[in-house]
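Below you'll find the structure, written out as structure tokens, and then a few comments.
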Amino acid sequence: MIFLLLPYTATAALLVAVLTVGYTYRKQLRSAGASGHVRDPATLQSLLQKRLQSPHPSSMAFTGPAVAVKTQLQCDKTLYHQLQHLPSHPECLPQARSRLFELLDKTIYAEKSRPGPPPDSSIFSLSSYCPEGLHAFIARAAALTDQKFAGYTTRRKAGGSRELLPNVEYAKYWLRIAAPVKYVDGSWLGGSHRLLSTPTPYRPASRVAWQVLSEELGDGDLAKNHVWVYRRLLAATGSRDIGLGHEPRFINNTHNPNNEARVWTAALAQQLISLFPAQMFPEMLGFNMAYESLPCHLLITIQELKELGLDPYYFVLHVSIDNGHSGHAAMGVAAVISYLDSLPTEMERDLAWRRVQAGYMLAEGLATTPSPITQLDRQVEQIFADKCETAKSMHSFCPARIGGVFGRTLTEWLDPERYHEWGLVFVKSLSESRWIVKGDPGKSRLIKELEWGGRMFGAYTTEEVGVICRWIEEMPTQELYKQNVQKYRGAYSKFTNGREMEHIPLPIFAPRIPPPTTRFNLFKSGAIPPPKSLSDMLRNPPNFPILSEDKGPLLPESVVGSFLLLSAIPFENFPAYPSQVSSPEGMSAIKTLRALYGFLPETDLCAGMDEVRRRREDVVGVVELAMKLTSAKHTPIEGRSHTLMPDSDEYVASLGEYISRLSQFPTQEVGRLLGVQLGFVWTMFLNNQIWGDDGVTTTRNGMPTGIVTRKERDAIEKLGRRILSAWMGVANLVEGTPGGGTAVDMGLGQMISWEQVVEGWMAVVECILGEIKAAEEKGYQRVYQGSGISGVGQFNTDDVRGQMMMRRTSQKGVMGAREGTEGFMREIPAESG
């Protein structure tokens, strides 16, 4: 989601002009003391009341307290769901921020409170940042995993039994209980590499992180998408469909009984760490570095699933793709080093290193798998096994099921012929049932039934009841959790030299606005015929008869750069919702982002560290090229001023506001966003009149005008065709005619219409061609001396910031550029020659 926060980086500064409308809108609210998006402060109270009463909350920011829930588990499950529908639940953001800091406190305190100095296996053993020391630490961690697995192998070869998954029934149970973590796979990087939230110096590091995210999502190939692979694994076990992670039924304990608190907490942490990508960037990189390291339990899971005849490929995939040489583990380290090395002073690096360590501990300190089988679990299982024969006909008239829809009646559970298959599942299911009050045997219904007055009095010996009581006592309780919160509160702030939760501003979600229009009304006038279908939109170049016959570039570089930046926005929030985008349409969105960001074309293999090793000048993405265009250094013919066209600049701003708001609702607005993206493809990427036919050598009235190299021009054209190709596979899902009202299921959980696609397409085409037409009416042309810039990435961020620091000059949102910058463009009317 685009949060519409005030940009503070060179990259974000490029869009200040674009987002002026939204900024002023929020400024009005702040002056009224409100947090949200309303047209008039006087209506704030009534809108908030409607917001709270609506069964489908509108997309308005709300910073009030979250609704109280009975336990932390219920709270985490609710938040897990809300964060996968964040545009509909912005009221959960204060709670999410608080929970993130709570978990940071908890994991740091747990590691810091260990007696003695930190062991070599702890990230805290590295008191300061050193690339060589970091590599050595990661190597030690890998060696420790090897050592643990070697011990496991020795025990098994000596005749030991399976240690994690004793039988098929328990393995199926274990896989289902672990699903919350698997269904948000990659979400910890979901906020990385976005345009507004990634400071310019950090883009090389965030680019590495985004490649990891892309591979988690299958690089746009649904068959390789990790959420999809896990869903297929669960289906192959023959279990009942529990739904995907974003579906309401997934957190419903009746439909999907799952009270494994540590799994839900670990899954939630993955979502929380990427909610604030600009403010928590070091922590996000540290989390990724830890999470991509190979744990021993992964190797054990593979071995034991194979022995049980279940497909281990999801886990095999995470061993191979996460390898420490060319895979995600290596890339995680590379991203951290790239980020820390970009910081200018040792003091900044030291503080940032502590924050990286904090993120690392958040991942390292939270278990991601279901609770292991304990010795008491096995003892209780045996107690019930000993009773099966005697009790086989005692519960025939008892209809109660233990384990919900995945459970059985007591008669079925205690079947003496089959109890050995599912005894441990019964014990785990019983522990989560209403028969047990965790941590308190005296309040547990099961114990009351075993005591005097209960229906099972005398059926169990004193020793057996004692074992069951100890089993219940050792279960974690909510009261213990609350006591621990007070103990470790503030650990993160202390470790990071006073960094507090209040330093992290909450995102603001703005409601969608109507598409922008221009005074030319190109579509209403019939000057441009709209496309007939998605297939037509993808395959046939539109006819733009209003364009000039002149083959020279029709827009100044600064305007072209602004439009290029806007083209990166539409789908950039999709990766934050791995479960929802595990669909053909979601994969097309990922392929689109890969093209826009300048990543290598997709193949049947993983690029891995190949992307990390690419030379910066070989990476041509729309953001990099836009920064080059808006920071071009030219020797002026005369004067040192730069004036943007007042009659057309407002189109950039209005289009930017429209796209930014749409992008906050990626799955809900997929139709309009698709139209917007394809509008940029045909109007800019594949339109030679935007660039000129010969790149640098193009001239107008005898003057050199282009600063885009032929290599870069070819790259932009290729990425445009990659985007078209990415959506060819789903074109048949969105067929119809404008006005026909044809609704189609896009596979993302909602219905959209062809009119939505056309609306987005028209908005972009209207604004870009409106800019061109306004420029032609004014007779503006660009005049240069000098050879320009060669190579993407060779820009000065200060120049970018200087050129695009805009100021409000009128109520219409017309912007003026800051004067006195080194890089600028002089525009004069044609008659001035």
Side-chain angles (χ1 to χ4, degrees), residues 70-71 73-74 161-174 176-177 253-254 257-262 370-481:
K70 292 182 179 179
T71 67
L73 170 63
Q74 291 172 318
S161 59
R162 287 183 292 272
E163 298 178 2
L164 186 64
L165 309 172
N167 53 50
V168 172
E169 287 297 322
Y170 188 81
K172 292 178 180 179
Y173 165 84
W174 189 94
R176 180 176 66 82
I177 297 300
N253 225 40
T254 300
N258 186 351
N259 290 321
E260 183 62 80
R262 72 183 210 167
S371 300
I373 300 168
T374 66
Q375 188 61 35
L376 279 171
D377 287 333
R378 295 188 182 277
Q379 290 177 17
V380 172
E381 179 200 21
Q382 187 58 49
I383 289 173
F384 290 123
D386 294 340
K387 307 294 180 183
C388 283
E389 189 64 38
T390 304
K392 61 182 179 181
S393 61
M394 299 294 180
H395 305 91
S396 300
F397 290 95
C398 179
R401 299 175 65 88
I402 293 177
V405 294
F406 288 91
R408 297 172 174 87
T409 65
L410 275 173
T411 299
E412 292 169 336
W413 278 121
L414 299 177
D415 181 351
E417 300 296 325
R418 304 196 62 183
Y419 181 81
H420 66 280
E421 299 177 24
W422 53 55
L424 280 169
V425 179
F426 170 63
V427 169
K428 290 288 189 180
S429 299
L430 180 62
S431 72
E432 302 295 345
S433 73
R434 59 192 178 92
W435 289 83
I436 302 296
V437 176
K438 293 185 176 183
D440 195 338
K443 293 182 180 180
S444 297
R445 185 177 175 185
L446 175 61
I447 300 303
K448 292 182 183 295
E449 294 289 359
L450 299 179
E451 294 173 340
W452 172 248
R455 287 171 291 180
M456 292 184 285
F457 173 71
Y460 292 78
T461 68
T462 302
E463 183 177 343
E464 289 170 338
V465 174
V467 171
I468 296 173
C469 286
R470 290 198 302 275
W471 173 64
I472 296 173
E473 285 173 348
E474 290 198 3
M475 296 177 186
T477 66
Q478 181 69 11
E479 287 71 26
L480 180 61
Y481 165 79

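All values below come from the heavy atoms of this structure, side chains included, with hydrogens, waters and symmetry mates left out.
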Discussion item. Any non-hydrogen side-chain atom of Leu446 less than 4.5 Å from a side-chain atom of Leu430?
Written reply: yes
Fill in: Over all atoms of both residues, closest heavy-atom pair of Ile383 and Glu464
CD1-O, 3.8 Å
Worksheet item: How long is the gap from CD on Glu449 to CE on Met456, to the nearest 0.5 Å?
Response: 5.5 Å
Practice prompt. Would you confirm whether Arg162, through its side chain, and Leu165, through its main-chain N or O, come within 3.5 Å as a donor-acceptor pair?
Written response: yes
Worksheet item: Just by distance, do the side chain of Lys448 and the backbone of Gly442 share a donor-acceptor pair under 3.5 Å?
Response: yes
Worksheet item: Out of curiosity, Glu463 CD to Ile468 CD1, how far, rounded to the nearest 0.5 Å?
Response: 11.5 Å
Discussion item. I want to check something: taking the side chain as every heavy atom from C-beta on, are Lys428 and Asp377 in contact at a cut-off of under 4.5 Å?
Written reply: yes
Worksheet item: So, do Lys172 and Phe406 sit near enough that their side-chain heavy atoms are less than 4.5 Å apart?
Response: no
Worksheet, complete the sentence: One should read off an interatomic distance between Arg176 CZ and Tyr173 OH, to the nearest 0.5 angstrom, of 7.0 Å
Worksheet item: Where do Trp413 and Ile402 come nearest, in terms of heavy atoms and distance?
Response: NE1-O, 2.9 Å
Worksheet item: Side chains of Trp471 and Ile436: closer than 4.5 Å at any heavy-atom pair?
Response: yes
Practice prompt. Please name the pair of heavy atoms, one in Pro441 and one in Glu473, separated by the smallest distance, quoted to 0.1 Å.
Written response: CG-CG, 3.4 Å
Worksheet item: Between Ser444 and Val437, is there a donor-acceptor pair closer than 3.5 Å when you use the side chain of the first and the backbone of the second?
Response: yes
Worksheet, complete the sentence: CZ (Arg470) and CD (Gln375) are apart, to the nearest 0.5 Å, by 11.0 Å
Discussion item. Can you confirm whether Ile373 sits close enough to Arg378 that some side-chain heavy atom of one is under 4.5 Å from a side-chain heavy atom of the other?
Written reply: yes
Worksheet item: Where do Ile447 and Cys469 come nearest, in terms of heavy atoms and distance?
Response: CD1-SG, 3.8 Å
Worksheet entry | Side-chain touch Leu376/Val467, heavy atoms, less than 4.5 angstrom | yes
Worksheet item: Is a donor on one side and an acceptor on the other found under 3.5 Å between the side chain of Ser429 and the backbone of Phe426?
Response: no
Worksheet entry | Nearest non-hydrogen partners of Met475 and Ser431, listed with the distance | CE-CB, 3.5 Å
Worksheet entry | Heavy-atom side-chain contact between Pro257 and Glu432 under 4.5 Å | no
Worksheet item: Are His420 and Pro166 side-chain neighbours, meaning at least one heavy-atom pair lies under 4.5 Å?
Response: no
Fill in: All pairs passing salt bridge (charged side-chain N to carboxylate O under 4.0 Å, His left out) where residues 402-416 contributes a residue, at least two apart
Glu169-Arg408
Fill in: Asn258 side-chain N/O to Asn253 backbone N/O, donor-acceptor pair under 3.5 Å
no
Worksheet item: Are the side chain of Glu260 and the backbone of Ser371 linked by a donor-acceptor contact shorter than 3.5 Å?
Response: yes
Worksheet item: How many angstroms lie between CH2 in Trp435 and CD1 in Ile472, if you round to the nearest 0.5 Å?
Response: 12.0 Å
Discussion item. Using modelled atom types and a 3.5 Å cut-off, is there a donor and acceptor pairing between side-chain atoms of Tyr419 and backbone atoms of Asp386?
Written reply: no
